[in-house]
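When reading the values below, keep in mind they use all heavy atoms of this one structure, side chains included, and skip hydrogens, waters and symmetry mates. Numbers for residues simply follow the sequence, beginning at 1.
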Amino acid sequence: SPSDPVTRPEPEADQHYDAVVVGAGFGGLRMLHELRGLGLRTLVVDEADDVGGTWHWNRYPGCRTDSESWYYCYSFSPELEKEWQWSERFPAQGEVAEYLRFVADRLDLRRDIRFGTRVEAAEFDDDANLWRLRTDVGDVVSATYYVAAQGILSAPYLPNFPGIDTFDGEVLFTPRWPHDRGLDFAGKRVAIVGTGATGVQLVPVVSRTAEAVTVFQRTATYVVPSRNHVLEDVQRIELDRDRDAMWKRTELHPMALPYPPSAGRLGVDLDDEERRRALEAGWERGTFRFMFEMFDDMMTDPEINKVVADFVRDKIRSIVTDPETAELLCPDDHGVGSKRPPLGQHYYEAFNRDNVELVSVKKTPISEITPRGIRVGDDEYEFDVIIFATGFDAVTGGFTRVDVRGRSGASLAERWADGPETLLAMAVDDFPNFFMILGPQGPYAILTVVIEHTAQWIGQAIAAARDAGTDRIEARPDAVSSWNQEVLDAVAPTMAVRGSESWLFGANIPGKARVVQQYFGGFHKWLAKIRDESAAGFPHFSRS
Ligand code: N01
């Protein structure tokens with residue numbers, strides 16, 4: 001896949017640090033700041049040539065957040081919050097990347113970051129009580145603590161389409177969008193493969209400049225309007241005033257949103273007209289709140305879920321003028337909220353343009369990529385550009401891409417072959433002094449808020465070990481098993497409407513164990529648990 005060349009640093013001689021952090025995105029930067037505060041000599045390593053993580057790599061047309069800007073940022077520093085002004089409700093990729101560069105400069109983080117370097121392997125040396133990490137440029141870095149901060153969406157997934165290397169035109173892969181590519185497609189016939197959150201953002205923007213766009217859709221999803229808008233000064237003043245209270249509210253919410261934690265009503269208690277009115281109001285408001293503040297029984301009662309699904313299908317039919325296209329865009333094989341809902345900005349409307357065509361590859365899949373284009377059954381479609389928006393080996397993939405080996409010599413990938421197991425998404429038994437930011441089995445919630453609490457908690461765990469006169473801390477196996485059980489129990493009541501066909505269950509990667517990847521019991525419950533753990537002196541960890 002196309003990617004940009006980065007300037008590779010020369011390998012350095014043996015180097016020891018108190019802590020090494022892999023990844024210089026939202027999580028890694030926050031962790032570096034926390035570890036510095038503890039006085040730990042810390043090195044951050046990142047494959048990219050700048051900070052940003054996800055926001056460095058995913059620079060495809062239309063890429064923007066689906067969390068509102070006022071909480072898609074760090075909360076630990078009132079100064080940083082005052083100095084930075086977001087321009088939109090859902091900022092575009094460039095603005096988020098700029099924000100992270102601003103934070104890195106403002107906190108002088110770059111001097112501890114080594115760019116253009118990928119960590120390939122990490123092994124725990126039990127006798128020396130340290131991690132040895134090997135990079136692709138040949139460095140060996142050792143550290144007492146190792147924090148993996150690759151995040152949940154850092155291992156891109158490109159299906160193994162036959163003939164993919166034979167295409168004569170330009171191939172673009174959204175998570176590795178070349179920095180010098182630009183976003184213009186004038187005069188080009190463009191294919192977009194994939195209609196997850198990435199495809200949904202691409203379609204309206206690419207179709208503005210391309211001569212023709214053909215969207216290859218395997219599974220239709222429920223796309224909710226984002227209702228993005230520019231932020232006015234008056235809104236900023238209000239948001240500033242509310243800031244402390246807002247962060248407090250995120251702590252009580254199952255998704256870490258600063259909004260009421262429940263709809264406060266059951267769909268089953270309302271009549272048809274009351275439900276319809278609620279749904280119309282929710283659709284007008286848009287965003288995730290349409291789903292999560294609709295009816296409290298939407299995720300557990302299949303009939304109520306169907307009411308919401310029918311409403312969205314009717315909206316699609318009312319927006320898309322060609323009835324055949326509208327039907328293809330209507331999801332019919334999973335419930336609302338069973339996949340992470342993409343937020344759309346004129347997504348369905350884009351299919352009313354003369355230059356946009358939809359091809360369903362559900363019954364007849366893409367059989368091959370040819371020198372001229374894409375073959376589906378007997379039809380060959382011709383293109384100048386093919387854009388793959390086919391997702392990620394999500395949640396575990398970023399962590400297991402590194403050959404991490406614990407005390408017993410077994411790797412994380414081997415350990416998680418039948419599904420991930422962690423303690424509260426941050427630690428794993430047999431892997432002493434190893435922590436993860438946004439590890440598997442973490443809350444399905446706003447990630448910037450999860451990162452903030454995780455980085456603080458990891459700092460507290462390390463500080464507690466040091467206070468106890470040791471530099472060793474490891475999750476207890478029984479505690480890992482019991483968190484695993486809680487994760488499975490939490491998702492069970494939602495299975496009736498959930499299905500298991502997305503990355504949330506490992507279902508998008510051939511051969512990957514189909515096990516829930518995140519914790520659906522609520523961010524607020526996870527937060528209470530991690531706070532109890534630190535307040536009690538980390539009883540579910542051993543220190544020898
Ligand atoms: O990836 P996806 P994504 N033939 O896995 C299709 C976050 N995110 O990058 O559904 C044909 O959701 C696949 O089809 P199917 C967000 O958390 C956030 O879009 O498997 N098609 C699907 O349509 C999101 O959930 C934002 O049947 C094939 C698509 O490729 C997560 O990232 C923006 C195929 C992959 O969709 C992942 O989203 C973007 C094949 N062989 C992403 N294989 C924000 O708004 C796969 N597909 C912040």
Side-chain angles (χ1 to χ4, degrees), residues 20-23 27 118-134 143-155 157 392-443 454 457-458 461 472-491 500 503-519 526 529-530 533 538 540-544:
V20 64
V21 177
V22 177
R118 192 175 70 242
V119 171
E120 290 188 322
E123 205 168 349
F124 187 69
D125 179 336
D126 207 0
D127 296 331
N129 192 43
L130 51 79
W131 283 95
R132 287 185 215 285
L133 291 88
R134 204 184 60 235
T144 308
Y145 294 99
Y146 165 22
V147 183
Q150 290 99 320
I152 67 167
L153 296 165
S154 61
Y157 168 63
F392 300 85
D393 180 356
V395 188
T396 54
F399 297 102
T400 55
R401 274 208 302 181
V402 178
D403 185 22
V404 189
R405 290 181 185 267
R407 216 159 24 83
S408 68
S411 74
L412 209 50
E414 288 160 359
R415 173 67 189 272
W416 290 348
D418 297 328
E421 287 186 341
T422 68
L423 178 49
L424 297 162
M426 293 187 278
V428 188
D429 58 297
D430 194 42
F431 294 77
N433 295 351
F434 169 70
F435 296 101
M436 291 171 292
I437 299 192
L438 304 186
Q441 304 187 321
T454 303
W457 187 94
I458 293 171
R472 181 149 172 149
I473 174 164
E474 179 182 340
R476 290 179 193 273
D478 55 328
V480 170
S481 301
S482 91
W483 180 241
N484 195 37
Q485 196 54 50
E486 276 193 55
V487 170
L488 297 177
D489 291 347
V491 80
S500 60
W503 60 264
L504 291 170
F505 289 81
N508 66 325
I509 302 296
K512 188 168 176 175
R514 291 206 174 190
V515 178
V516 64
Q517 307 278 301
Q518 292 191 307
Y519 172 60
W526 171 84
K529 279 205 163 261
I530 73 166
E533 182 69 19
F538 300 90
H540 295 100
F541 287 79
S542 57
R543 292 208 185 107
S544 56

Roughly how far apart are Ser481 OG and Arg476 CZ, rounded to 0.5 Å?
-> 13.0 Å
Name the one of Thr396, Leu504, Val491, Val487 that satisfies side chain to side chain contact (heavy atoms under 4.5 Å, CB included) with Gln517?
-> Thr396
Output all residues satisfying salt bridge (charged side-chain N to carboxylate O under 4.0 Å, His left out) with Arg134, sequence neighbours left out; order by chain, then residue number.
-> none
Provide the closest heavy-atom pair for Val480 versus Ala475 in the form atom of the first, atom of the second, distance.
-> CG2-CB, 4.0 Å
Any Leu133 side-chain heavy atom under 4.5 Å of Val22 side chain = yes
Under 4.5 Å between any side-chain heavy atoms of Lys529 and Leu423, yes or no?
-> no
Spacing of Leu438 atom CG and Met426 atom CE [to the nearest 0.5 Å] | 10.5 Å
With side chain to side chain contact (heavy atoms under 4.5 Å, CB included) as the test, would you mind laying out the steps for Leu424 and His540 before giving the verdict?
-> CA-CA 10 Å; Leu424 297 162; His540 295 100; over 6 Å; no
Search all heavy atoms of Ala149 against all heavy atoms of Gly27 and return the closest pair with its distance.
-> CB-C, 4.2 Å
At what distance, to the nearest 0.5 angstrom, does CD1 of Ile458 lie from CE of Met436?
-> 8.5 Å
Heavy-atom side-chain contact between Phe431 and Thr422 under 4.5 Å | no
Could I get the full list of ring pair (Phe, Tyr, Trp, His ring centres under 6.0 Å) partners for Tyr146, not counting sequence neighbours?
-> Trp131, Phe434
Can you find a heavy atom in the side chain of Trp416 that is under 4.5 Å from one in the side chain of Val515?
-> no
Taking the side chain as every heavy atom from C-beta outward, state whether Arg407 and Glu474 have any atom pair closer than 4.5 Å.
-> yes
By salt bridge (charged side-chain N to carboxylate O under 4.0 Å, His left out), Asp489 pairs with (sequence neighbours left out) none
So the salt bridge (Lys or Arg N to Asp or Glu O under 4.0 Å) pairs with at least one residue in residues 416-425 (sequence neighbours excluded) are Arg415-Glu421
Counting N and O atoms only, with roles assigned by atom type, does the side chain of Asp393 sit under 3.5 Å from a partner on the main chain of Ala155, one being a donor and the other an acceptor?
-> no
Grab the two heavy atoms, one from Gly419 and one from Ala513, that are nearest each other, plus how far apart they are.
-> N-CB, 3.7 Å
Taking C-beta and beyond as the side chain, do Trp503 and Tyr157 meet within less than 4.5 Å on heavy atoms?
-> no
Closest non-hydrogen atom pair between Ala461 and Ile473, with its separation = O-CD1, 3.9 Å
Quick one: does Ile152's side chain get under 4.5 Å of Gln518's, heavy atoms only?
-> yes
Hits for ring pair (Phe, Tyr, Trp, His ring centres under 6.0 Å) against Phe392, two or more places apart or cross-chain, chain-then-number order -> none
At their closest point, which heavy atom of Ala148 faces which heavy atom of Phe399, and how far apart are they?
-> O-CE2, 3.5 Å
With sequence neighbours left out, what residues match Trp457 under ring pair (Phe, Tyr, Trp, His ring centres under 6.0 Å)?
-> Phe538, Phe541
So which heavy atom on Ile437 is nearest to which on Thr454, and how close?
-> CA-CG2, 4.0 Å
Test item: Trp526 side-chain N/O and Ala425 main-chain N/O as donor-acceptor pair under 3.5 Å | no
Do Phe124 and Asp430 come within less than 4.5 Å of each other through their side chains, counting heavy atoms only?
-> no
Stepwise side chain to side chain contact (heavy atoms under 4.5 Å, CB included) test for Asp126 and Arg472 | CA-CA 10 Å; Asp126 207 0; Arg472 181 149 172 149; 2.7 Å; yes
